[in-house]
Every structure is written in structure tokens, then in C-alpha cells.
Colleague: 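Can you read through this structure? Questions will come right after.
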Amino acid sequence: MRKPVVLITGAGGEIGHGLIDQLALQQQRAIVTLDVSPLDAAIGRKVDREITGSILDRAVLDRILAEYQVELVIHLAALLSTRSEFTPMMAHQVNVEGTLNLLEFAQHEAESHGRPVVFIYPSSIAAYGIPDLATKARAGRVTEDEWMHPRTMYGCNKLYCEQLGMYYARFYKQLAAEPAAGKVDFRCVRFPGLISGLTVPSGGTSDYAPEMIHAAAKGEPYACFVRPDTRIPFMAMPDGVDALLKLAAASKANLSRTAYNVSAFNPSAEEVRDVVLNAFPDAQLTWKTDEKRQGIVDSWPADVDDSAARIDWGFAPRYDFQRAFSEYLIPTIRQRYQRG
Ligand code: SER
């Protein structure tokens, strides 16, 4: 008898850290992880089986298929937006071919155990592409279906995989004699920038906000790579993790779409600097715009309309801008660096 499990790819990344803590507390399913690097011991001891390997290695996925009854896939493995611009071919392999492998894996799992596999996929505000700042100001809070013209490899990858997921959920092999669609129950959140108190991101373009606060806590100088007036949506990591788990647990009948915006607050870079300086008055935070990375952030919306997520599956972030800093980020980050 194969064991019912949740499979988490890219488990050692920023989202994986918070997610594994929560899933381990819930104790609903055994946790199997797949990551190219070994997990930190702190999360490694909370999982039932840790596999070090690549989502591009189909033999590894075949072994998981043979051994486990996977009911839920949380597919986090990806190269973020800045990193992907330097290695677009590799980004396409990991972000698109890797996701296709996982969708096919989920399809086979569902065919093998006879129940749909819920497939949770984090997409991104990078799926948007707004042509210039005047249009961004006019666009305001954008809905899921506006401005779908991404300017980065990562954004193209995410948008395409949103579509692929919907294809598996609704139209897969639509000309076959037997219906095959619907076995993958694809559900996606389009995340804003995520800020974690536990980890520092690597390779993203929204990283200026988390980098500012982690540098301040460490007493290191930091030059922010975007202009003070730069504005995009953000969310504290615990709310990001809750969003994934809430969407996974939602009743399918309530879901009116496969991709949902989520967001909690949208400060300018200057407002982020002000709250960080308030908490760490000696921090040396300066400005040094990287025009190229600025161009990417300027193409992302200043805010997103997440009312569909709130209505359909009760998305409700706990942390607004002030609480995210005062009750989560500042205390967590202080403690992290005190411990060394
Ligand atoms: N945080 C991500 C990035 O900057 C956006 O999805 O790449």
C-alpha cells in the first residue's frame, strides 16, 4: 500500500521554510520533499522523506510515483526573475519544462490512484507587463486578466505555466476517446513580492524590500537598487504560506478561476525604508538605482485586485504593512541575527 502524501518541490527555498513548518503542525499527510540541495536541518527533520534531486530528472519522479500516493503537489521549484534574465535557457528548463514534468507526474498519480491531485502553483506579479510609468499609474489595482504581457523570462514562464495548468485541469487530451482532463486540480496564486523574517531571497527583483530590512538588522550598509517612489504589492511570508494552504483546502465548487491575485500591502520603497529606519535608527540605507532592474519593477503593477481570492476561498492576510513589520518582520529578524 502506497502512503498518501504531499509532495513539495523546491522545498528548501524561502516559501518552503514556512510551508513545511505549517504542514508539519497540521499532520494531515506525510511530507515528501524534492530539492536540488539538501534541506536545512531545521526543516529537514520535519519531513518524512527528503529527496535530493531535480524536477528535470523524470526517473526521480517515476520513483516517487511508484512509491507514494501523492494527493497534493505544491510545486515551488523555480528560478526567480533577476536570475532568469542571466540564464534564460536554464530558466525555461526549470520553470517550464520542470513544471510540465510535475503536471504530467500529477496526471499519472491521479490516473493511478483514481482521485484528482490538487496541484498548487505559485505564479507571480511578474506575469504582468505594463509598458510605462504613466500607464502603471493609470492602471492602479489590476485584475487577473489585464496587462498580461510579461517582460521577463520568469514572467513569461509563469504566465505560460498558469495556462498549462489550466489546460491539464480543463482540456487535457480533449480529442481522446476517454476524457482525461480534470485529474489535475490546478490552483494557482499570483504572488506579490514576499518578505520573510527567516530567510533572504536570492535572484528576485522584488528583493530590495527584504534585503533592506535584513541588512539593517545585521548592521550592514545597503544601497536600494530601485527609486524611492517605486511601488509594487508585497506580503509577509506567513500570509503567503496561509494563502497556499487555504487555496489547497478550498472546496472546488467555490473556485471560479484557476489563477488568483493575492496581496496585502503596497508601500513605496521609501515607505519601506522609513519603517526599517524606525526599527533600526542606525541603519545605513541609501539609494543606488539599477536602471535595468528598475525597468523590470516598473513593468509590474502598483497594486493588484485580489477580490476573487477573498470571495472564492476566503483569502484574508493577517498582516497589513504596519503589523507585518511590528509583529512579524522586526521581531523575527532581530531574533534571527541575535542567534547568529
Ligand atoms: N519575487 C519575485 C521576483 O522578484 C517575483 O515573483 O522574481
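One is the number of the first residue; the rest follow in order along the sequence. Source: prediction; values computed, not measured. Quick note: numbers below take in every heavy atom, side chains included, and nothing from hydrogens, waters or symmetry partners.
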Colleague: Say whether L244 and L80 are linked into one hydrophobic cluster, either directly or through other cluster members, by side-chain heavy-atom distances under 4.5 angstrom.
Modeller: no

Colleague: Compare every heavy atom of P317 with every heavy atom of S263, then report the nearest pair and how far apart it is.
Modeller: O-CG, 3.8 Å

Colleague: With distance as the sole criterion, is a donor-acceptor pair present between the side chains of H75 and T9 under 3.5 Å?
Modeller: yes

Colleague: Is it the case that over 12 heavy atoms from other parts of the model lie below 6.0 angstrom from the OH atom of Y160?
Modeller: no

Colleague: Is it true that Y337 and H214 have ring centroids separated by less than 6.0 Å?
Modeller: yes

Colleague: Honestly curious: do M166 and L159 fall in one hydrophobic cluster under the side-chain, below-4.5 Å linking rule?
Modeller: no

Colleague: Scan side-chain atoms only and decide if N157 and N95 contain a donor-acceptor pair under the 3.5 Å cut-off.
Modeller: yes

Colleague: Is the backbone of A324 close enough, under 3.5 Å, to the side chain of D239 for a donor and an acceptor to pair up by distance?
Modeller: no

Colleague: Any luck finding a side-chain donor-acceptor pair between Y68 and D48 under 3.5 Å?
Modeller: no

Colleague: Does M90 offer a backbone N or O that forms a donor-acceptor pair with the side chain of T87 under 3.5 Å?
Modeller: no

Colleague: Compare all side-chain heavy atoms of I213 with those of V276 and state whether any distance is below 4.5 angstrom.
Modeller: yes

Colleague: Can you tell me if E146 and T143 form a side-chain donor-acceptor pair at under 3.5 Å?
Modeller: yes

Colleague: Is it the case that R190 places NZ or CZ above or below the six-membered ring of Y128, under 6.0 angstrom from the centre and within 45 degrees of the axis?
Modeller: yes

Colleague: Report yes if some heavy atom in the side chain of R318 is under 4.5 Å from a heavy atom in the side chain of E327; otherwise report no.
Modeller: no

Colleague: With the side chain counted from C-beta on, respond yes when I195 and L329 share a heavy-atom pair under 4.5 Å apart, and no when they do not.
Modeller: yes

Colleague: Can you check whether A302's main-chain N or O pairs, donor with acceptor, with N266's side chain at less than 3.5 Å?
Modeller: yes

Colleague: Determine whether I64 and F105 make a side-chain contact, defined as any pair of heavy atoms from C-beta on separated by less than 4.5 Å.
Modeller: yes

Colleague: Please test M237 against L198 for side-chain contact (heavy atoms from CB on, under 4.5 Å), starting from the C-alpha separation and ending with a verdict.
Modeller: CA-CA 9 Å; M237 187 59 85; L198 296 172; over 6 Å; no

Colleague: Between R227 and D229, is a salt bridge (charged side-chain N to carboxylate O under 4.0 Å, His left out) present by the stated rule, with each step listed?
Modeller: CA-CA 6 Å; R227 287 186 319 268; D229 65 298; 2.8 Å; yes

Colleague: Tell me if the centroids of the rings in Y172 and Y168 come within less than 6.0 Å of each other.
Modeller: yes

Colleague: Decide yes or no on side-chain contact (heavy atoms from CB on, under 4.5 Å) for I8 and I20, but give the supporting numbers first.
Modeller: CA-CA 9 Å; I8 307 170; I20 287 170; 3.9 Å; yes

Colleague: Using a distance-only test with no angle check, is there a side-chain donor-acceptor pair under 3.5 angstrom linking T135 and D132?
Modeller: yes

Colleague: Find the distance between OG (S251) and CH2 (W313) and round it off to the nearest 0.5 Å.
Modeller: 14.0 Å

Colleague: Under a plain distance cut-off of 3.5 Å, with no hydrogens placed, do E50 and T33 share a side-chain donor-acceptor pair?
Modeller: no

Colleague: With a 4.5 Å heavy-atom cut-off, do P192 and W300 have their side chains touching?
Modeller: no

Colleague: Is the closest side-chain donor-acceptor distance between T258 and R187 under 3.5 Å?
Modeller: no

Colleague: As an exercise, state the distance from CG of L23 to CD1 of I31, rounded to the nearest 0.5 Å.
Modeller: 5.0 Å

Colleague: Report the C-alpha distance between V5 and E67 in whole Å, list the side-chain angles of each, state the deciding distance to 0.1 Å, and finish with yes or no for side-chain contact (heavy atoms from CB on, under 4.5 Å).
Modeller: CA-CA 10 Å; V5 303; E67 202 170 330; over 6 Å; no

Colleague: Hydrogens and angles aside, do Y208 and Q294 bring a side-chain donor and acceptor to less than 3.5 Å of each other?
Modeller: no

Colleague: Please verify the inter-ring angle class for F321 with F325; under 30° counts as parallel, over 60° as perpendicular, anything in between as tilted.
Modeller: perpendicular

Colleague: CD of E109 to CZ of R115: how many Å apart, nearest 0.5 Å?
Modeller: 10.0 Å

Colleague: Evaluate I51 against R49 for side-chain contact (heavy atoms from CB on, under 4.5 Å), listing each step before the verdict.
Modeller: CA-CA 6 Å; I51 301 167; R49 170 90 180 274; 4.0 Å; yes

Colleague: Side chains of Q22 and Q26: donor-acceptor distance under 3.5 Å anywhere?
Modeller: no

Colleague: When rounded to the nearest 0.5 angstrom, what is the spacing between OG1 in T286 and CE in M212?
Modeller: 9.5 Å

Colleague: So with a 6.0 Å cut-off around CE of M148, is the heavy-atom count from everything else above 12?
Modeller: yes

Colleague: Do S81 and T205 meet the criterion of a side-chain donor-acceptor pair at a distance under 3.5 Å?
Modeller: yes

Colleague: Do L100 and Y154 belong to the same hydrophobic cluster, where Ile, Leu, Val, Met, Phe, Trp and Tyr are linked whenever their side-chain heavy atoms lie under 4.5 Å apart, directly or via other members?
Modeller: no

Colleague: From L76 CG over to D35 CG, what is the distance, rounded to the nearest 0.5 angstrom?
Modeller: 9.5 Å

Colleague: Applying salt bridge (charged side-chain N to carboxylate O under 4.0 Å, His left out), run through E71 and R29 and close with a yes or a no.
Modeller: CA-CA 9 Å; E71 297 177 331; R29 299 182 183 92; 2.7 Å; yes

Colleague: How about H108 and D62: does a side-chain donor come under 3.5 Å of a side-chain acceptor?
Modeller: no

Colleague: If Ile, Leu, Val, Met, Phe, Trp and Tyr residues are connected whenever their side-chain heavy atoms lie under 4.5 Å apart, and connections chain through other members, are F234 and F315 in the same group?
Modeller: yes

Colleague: Report yes or no: does D207 contribute a side-chain atom to a donor-acceptor pair with the main-chain N or O of G204 at less than 3.5 Å?
Modeller: yes

Colleague: Working to the nearest 0.5 Å, report the span between CG of L247 and CG of D242.
Modeller: 12.0 Å

Colleague: Any side-chain heavy-atom pair from E85 and I296 closer than 4.5 angstrom?
Modeller: yes

Colleague: If we ignore angles and hydrogens, is there a donor and acceptor under 3.5 Å between the side chains of Y260 and D312?
Modeller: yes

Colleague: Find out whether Y319 and P238 are in side-chain contact, i.e. whether some heavy atom of one side chain is under 4.5 Å from a heavy atom of the other.
Modeller: yes

